Each structure stands twice: as C-alpha cells, then as structure tokens.
Novice: 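The structure under discussion is supplied below as structure tokens; questions concerning it will follow.
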2 protein chains.
Amino acid sequence: MLARGRGVTVWRQIAEVIEAEIAGGGLVPGTRLPTEAALTERFGVNRHTVRQAVKSLVDKGLVRVTQGSGTYVEAKPLTYPISTRTRFSEIVVGQARDPAGRLLGHSEAGASLEIAEALDLSPEDPVVMVESAHFADGVPISWAVTAFPLPRFAEVPAVYAATGSITAALAACGVSDYRRASTKVGAAIADATDSARLEIAEGRPVLVIDSINVDPDGVPIQWARSHFCADRVRLTVGG
Amino acid sequence: MLARGRGVTVWRQIAEVIEAEIAGGGLVPGTRLPTEAALTERFGVNRHTVRQAVKSLVDKGLVRVTQGSGTYVEAKPLTYPISTRTRFSEIVVGQARDPAGRLLGHSEAGASLEIAEALDLSPEDPVVMVESAHFADGVPISWAVTAFPLPRFAEVPAVYAATGSITAALAACGVSDYRRASTKVGAAIADATDSARLEIAEGRPVLVIDSINVDPDGVPIQWARSHFCADRVRLTVGG
DNA sequence: ATGATTTGTATATTGATCTAGACCATTATG
DNA sequence: CATAATGGTCTAGATCAATATACAAATCAT
C-alpha cells in the first residue's frame with residue numbers, strides 16, 4: 001500500500017488515504033478515527049509517522065484531536081448564505097443541525113466612531129454591547145460583538161441570555177422583522193480570543209464579517225462584528 | 001512554485017512539471033530538454049535534484065539522456081497491432097513515422113528443435129538465420145532473429161540487406177502474400193545484446209515475441225523471435 | 001585536434017523523514 | 001477514586017532528501 005522512495009512521504013500517503021475515506025463517506029463526520037495505535041498497526045509504520053499524517057489533517061480542518069479521547073472527523077462545513085434576510089438559527093436548522101447561541105457578556109457604553117456611523121448615531125451616544133457565541137450541534141461556529149442603540153434595545157441582553165436568539169431579543173423590543181443592510185467580509189488569523197471561543201488553534205483562518213441590520217423602516221438597529229471559524233463555514237454570497 | 005515540507009519531494013515536483021509539459025505538447029518528442037544547468041536555474045535547486053527528477057523520467061521512459069549531448073523527449077510509443085496481417089513498415093508509416101530495417105548478419109544452419117517444429121521441418125533441416133534491427137524515425141524499435149527454410153528462401157538475406165524489408169525479401173522468393181499464424185508474447189529484462197541493439201539501458205523491459213508466418217497455402221515460411229523495446233511500443237492484440 | 005558544453009560520478013554536509021522507546025497529561029470508565 | 005485508554009512531548013539514531021564542490025567522460029562546434 002505504501003510506496004517508499006517514490007517522492008511522496010509516508011505520512012502524506014497515509015493522510016491521503018484517510019482523507020479519501022472521509023471524502024468517500026467511509027468516515028462520517030463526528031465519528032472517531034481509529035486510535036493512533038490502531039493506525040500504526042494498520043499502516044505498519046511508527047506512531048510518529050501516523051501523528052504527522054493526522055497533524056496534516058488537523059491543519060486542513062478535516063479532523064479534530066482531543067487528548068485522552070481520540071481523533072474525530074469534523075463536520076462538513078456549514079453553508080452560510082449571506083443575504084438581506086440572514087437568520088443564523090434558520091440557516092443551521094435548514095442544514096439539519098442544532099443551533100444554539102450563548103451570551104458571553106454585555107455592557108453599556110458610548111458608541112465608537114465606527115459604531116456611531118454604522119448605526120446613524122453620534123459618537124458617544126449610548127449603546128449596549130453584546131458578546132455572544134454561536135454553535136451548530138454544539139460546535140462553535142462563530143462569535144460576535146454587536147452593538148444596539150439605547151434605550152430602545154435595553155432588553156436585548158436579558159432576552160438573548162434567556163433564548164439564545166437575536167431574533168427573539170429584537171422581537172421583545174418591538175422589532176418583528178429586520179434585514180441586513182451592509183456586509184463586509186474579511187479574513188484574519190485566529191488570536192487567543194478566537195482560539196478560546198471557537199475552540200480552534202491560534203493561527204487558523206477566521207472570517208471577519210461586519211454587518212449592519214436595519215428595521216423595516218430602514219433604521220439601523222444592530223451593528224455586528226462576527227468571527228467565523230473558516231474551517232467550519234462556507235459563505236455564499238449571491239448565487 | 002515548489003512546495004517544500006508538504007510531503008512531496010522537490011525532485012518529484014520538478015518531474016511532474018516536466019512530465020506535464022511533455023504531455024501538454026509544450027515539449028515535442030525529439031526535442032532536447034533544457035540542460036541540467038538551465039533546469040537548475042529555472043527551479044532554483046541543486047543540480048543533483050534536477051538529475052533525480054530527470055532520472056525518474058528516464059525510468060518512466062519519457063526521456064532519453066545522452067552524456068555530453070543532452071536529454072531528449074522520447075517519441076510517443078508506437079502502437080503495434082498484432083493481427084494475421086502485420087507488416088512493420090505499414091504500421092510505422094501508418095503512424096506518420098519513417099520505417100527502416102537493417103541486416104545485422106545471417107548464416108545458414110540446421111534447424112533447432114524449436115525452429116523445426118515451428119516451420120514444420122525436421123531437426124537439422126537447412127535454414128537461413130537472419131538477424132535484423134528495425135527502426136522508426138531512426139530510433140530502434142526492435143531486433144529479431146528469424147529463420148527461413150532452405151533452399152526456398154536463399155535469396156532473403158541479400159534482398160533484405162538491399163531493401164530493409166522482409167516483405168520485399170519474401171516477394172523476391174515468390175511469396176507475394178503471407179499471414180501471421182502464431183504469436184507468443186513474453187517479457188524480459190534487457191541484456192547486453194538488447195542494450196546495444198535497442199540503445200536502451202540493461203534492465204529496461206523488453207517484449208519478446210515469437211511468431212510464425214505462413215504463405216497463402218498455410219505453409220510455414222518464417223519463424224521469428226523479436227525483441228521490442230517496451231518503452232517505445234504498445235502492442236495491441238485484437239480490439 | 002582543440003576547447004567549450006553537457007552529462008556522469010564521487011564525496012561530504014546539512015536538514016527532513018522515519019523509527020524506537022520512554023514518560024507525561026488528559027479523558028473515559030468502573 | 002483508581003485504573004486503563006488515548007493523545008502529547010521528548011530524546012536518540014538510522015535513513016532519505018537536498019545542497020555544495022570537484023572532477024571525469026562524452027559530445028559538439030570551430
């Protein structure tokens with residue numbers, strides 16, 4: 001099975017075999033890979049060689065390793081369409097996965113220049129800042145820091161904490177519908193905060209999305225800067 | 001262009017680039033590859049690394065190296081259909097290449113057991129043995145030792161030497177048509193003789209074909225053991 | 001013939017890959 | 001809590017890959 005001296009390293013050949021088994025459906029997302037010992041046995045190589053193969057799969061975002069537990073096949077990337085009507089929970093449910101949102105913290109503050117401009121406020125106008133994390137099937141997909149104008153949306157943190165849903169939080173403040181008015185997409189390298197909140201290694205790619213939501217009257221109600229784990233999400237724009 | 005530390009050796013990547021250029025038509029058969037020095041420059045690697053890449057292409061039969069001269073793209077393998085009516089020159093001409101045959105030597109002898117059986121003779125019946133080499137565009141394709149019954153085909157060596165054509169030599173002996181009655185295909189590793197006559201390295205693969213031709217009346221007229229350079233020929237049987 | 005060009009060979013050095021073995025840290029399980 | 005299972009880290013040595021030089025041998029052009 002393994003060809004030595006043909007210009008392809010052993011660890012890469014092993015990685016390609018496992019990758020093919022994932023792509024071919026032999027290894028379903030969420031299932032545990034054979035243990036390092038088992039792979040060592042199967043391929044007839046040293047454990048370190050298997051580990052290097054697994055490391056390359058981790059770097060590609062195909063598997064996730066947990067010390068003491070095992071190596072698991074990552075879920076297929078979530079397809080995240082960005083349109084004027086984007087609802088995280090609907091997107092996740094639409095792909096047969098279980099959405100969840102969690103409030104990380106909140107505070108009241110004066111709007112920064114950037115936020116004031118986005119929400120059509122004056123600098124230092126009061127806003128409530130909300131930090132939240134979002135999950136699909138318990139796996140972190142994104143985290144965000146968002147700003148809502150005060151006093152109109154004073155209730156948002158409490159309702160969001162209780163429901164995990166921005167849509168519900170806005171509804172509690174009398175906004176029954178909203179749409180996305182602006183989206184900017186960038187990319188960055190995960191820092192310590194991204195690493196902790198998305199449960200990824202520092203250095204992995206992150207999609208950074210600045211968005212502005214407006215109510216049916218076109219009044220800005222929410223500015224958000226979201227950090228998506230790029231290994232777990234594929235944005236679709238238009239199409 | 002070259003990715004180091006990704007599990008694929010540098011020499012293999014270089015070989016794949018050159019192979020793609022050959023397959024893509026950028027390097028026509030017969031043309032000379034850039035010199036080792038030029039390739040060293042182009043890929044930014046050591047000369048030995050280029051040499052290993054070239055060696056892998058030689059091993060695949062894609063190029064041929066001549067010390068002091070250069071490295072040349074091999075011709076595409078000649079497709080050699082084996083049927084009841086097989087004529088070397090017609091096959092070669094049919095592929096827009098220039099056929100040639102050369103007499104290497106001849107002698108009269110008594111038929112060996114194998115030849116006697118093939119030609120329907122008794123052992124030690126007189127035959128003329130002919131050794132010949134066959135070329136397409138000047139490149140050696142095969143060499144063969146053949147046996148013809150005597151006295152019927154005494155003229156064969158002289159005519160073959162003059163024309164380079166077995167068909168013409170047989171015609172001179174009154175055989176206007178012939179067909180292949182038996183073919184056995186085997187493979188071997190080139191020995192010193194193969195190496196010299198086919199201009200290939202010892203150890204390269206060789207197709208060994210034993211065939212018997214018969215005249216229109218079904219009388220055996222020629223036994224042949226041909227050695228084909230496997231890198232330059234693809235046999236097609238049936239189809 | 002002569003010299004320049006081009007491939008062939010040899011040796012040595014450095015770094016990457018693979019193997020081997022030992023021990024630690026985390027997780028799962030009874 | 002104790003134990004086993006599993007991945008994480010470290011050291012050391014063997015082999016392979018790539019570099020760096022030097023020189024030999026064959027070919028080609030003049």
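Atom set for the values below is all heavy atoms of this structure, side chains included, hydrogens, waters and symmetry mates excluded. Quick caveat, the model's predicted, so the values are computed rather than measured. All chains are named by letter (A, B, ...) in the order of the sequence lines, taking the proteins before the strands, and each is independently numbered beginning at 1.
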Novice: Grab the CG-P distance between B/Leu57 and C/dT7 for me, whole Å please.
Specialist: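 The distance from CG of B/Leu57 to P of C/dT7 comes to 14 Å, rounded to the nearest Å.
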Novice: Quick one: A/Lys55 NZ to D/dG8 P, roughly how many Å, whole number?
Specialist: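 Rounded to whole Å, this separation is 11 Å.
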Novice: Kindly give the heavy-atom pair with the smallest separation between B/Thr163 and B/Ala168, and that separation in Å.
Specialist: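 Result for this residue pair: OG1-CB, 3.7 Å.
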Novice: Using modelled atom types only, decide if a donor and an acceptor are shared between the side chain of A/Asp137 and the backbone of A/Asp98 within a distance under 3.5 Å.
Specialist: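 Between the backbone of A/Asp98 and the side chain of A/Asp137 there is a qualifying donor-acceptor contact (under 3.5 Å).
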Novice: In plain terms, say whether B/Lys184 and B/Glu114 are close enough for a salt bridge, that is, a side-chain N and a carboxylate O under 4.0 Å apart.
Specialist: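 So B/Lys184 does not pair with B/Glu114 through a salt bridge.
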Novice: Would A/Arg42 and A/Glu21 pass as an ion pair if we require N to O under 4.0 Å?
Specialist: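 Salt bridge present between A/Arg42 and A/Glu21.
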Novice: When you look at CD of A/Glu131, are more than 12 heavy atoms from neighbouring residues, nucleotides or ligands closer to it than 6.0 Å?
Specialist: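 Correct, the count exceeds 12.
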Novice: Can you check the B/Arg64 CZ to C/dT6 C1' distance for me, whole Å?
Specialist: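 From B/Arg64 CZ to C/dT6 C1': 15 Å.
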Novice: Can you see which heavy atom on B/Pro77 is nearest to which on B/Arg97, and at what distance?
Specialist: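 Minimum heavy-atom contact is C-NH1, 4.4 Å.
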Novice: Using a distance-only test with no angle check, is there a side-chain donor-acceptor pair under 3.5 angstrom linking B/Asp194 and B/Trp143?
Specialist: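 On atom types as modelled, these side chains qualify, holding a pair under 3.5 Å.
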Novice: What does the B/S/- profile of nucleotides 18-23 of chain D look like, 5' to 3', with a 4.0 Å heavy-atom cutoff to protein?
Specialist: SBBBB-
Novice: Let me know the distance between CD of A/Glu36 and P of C/dA20, rounded to the nearest Å.
Specialist: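 Going from CD in A/Glu36 over to P in C/dA20 covers 16 Å.
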Novice: Expressed as a whole number of angstroms, how long is the span from B/Arg32:CZ to C/dT5:C1'?
Specialist: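 The answer, rounded to whole Å, is 9 Å.
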Novice: Do the side chain of B/Arg32 and the main chain of B/Ser69 share a donor and acceptor less than 3.5 angstrom apart?
Specialist: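 Such a contact is found between B/Arg32 side chain and B/Ser69 backbone.
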Novice: Donor-acceptor pair, A/Arg232 side chain versus A/Pro140 backbone, under 3.5 Å?
Specialist: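 Yes, A/Arg232 side chain to A/Pro140 backbone: donor-acceptor pair under 3.5 Å.
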Novice: Short question: side chain of B/Gln13, backbone of B/Ala3 - any donor-acceptor pair under 3.5 Å?
Specialist: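 A pair under 3.5 Å: yes.
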Novice: With nearest nucleotides of DNA chain D determined for A/Pro34 and A/Gly5 from heavy-atom distances, which residue corresponds to the more 5′ nucleotide?
Specialist: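 The residue closer to the strand's 5' end, by nearest nucleotide, is A/Pro34.
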Novice: For every nucleotide of nucleotides 24-30 of chain C, 5' to 3': is a protein heavy atom under 4.0 Å from its base (B), only from its sugar-phosphate (S), or from neither (-)?
Specialist: -BBBS--
Novice: Over how many whole Å does the gap from B/Ile14 atom CD1 to D/dA17 atom P extend?
Specialist: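 Roughly 14 Å, once rounded to whole Å.
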Novice: Indicate yes or no for a side-chain donor-acceptor contact from B/Thr146 to the backbone of B/Ala224 under 3.5 Å, with no hydrogens or angles considered.
Specialist: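 Side chain of B/Thr146 to backbone of B/Ala224: no pair is present.
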Novice: Angle between the end axes of the helix from C/dA1-D/dT30 to C/dG30-D/dC1, five pairs per end, to the nearest 10 degrees?
Specialist: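 The angle separating the two end axes equals 30°.
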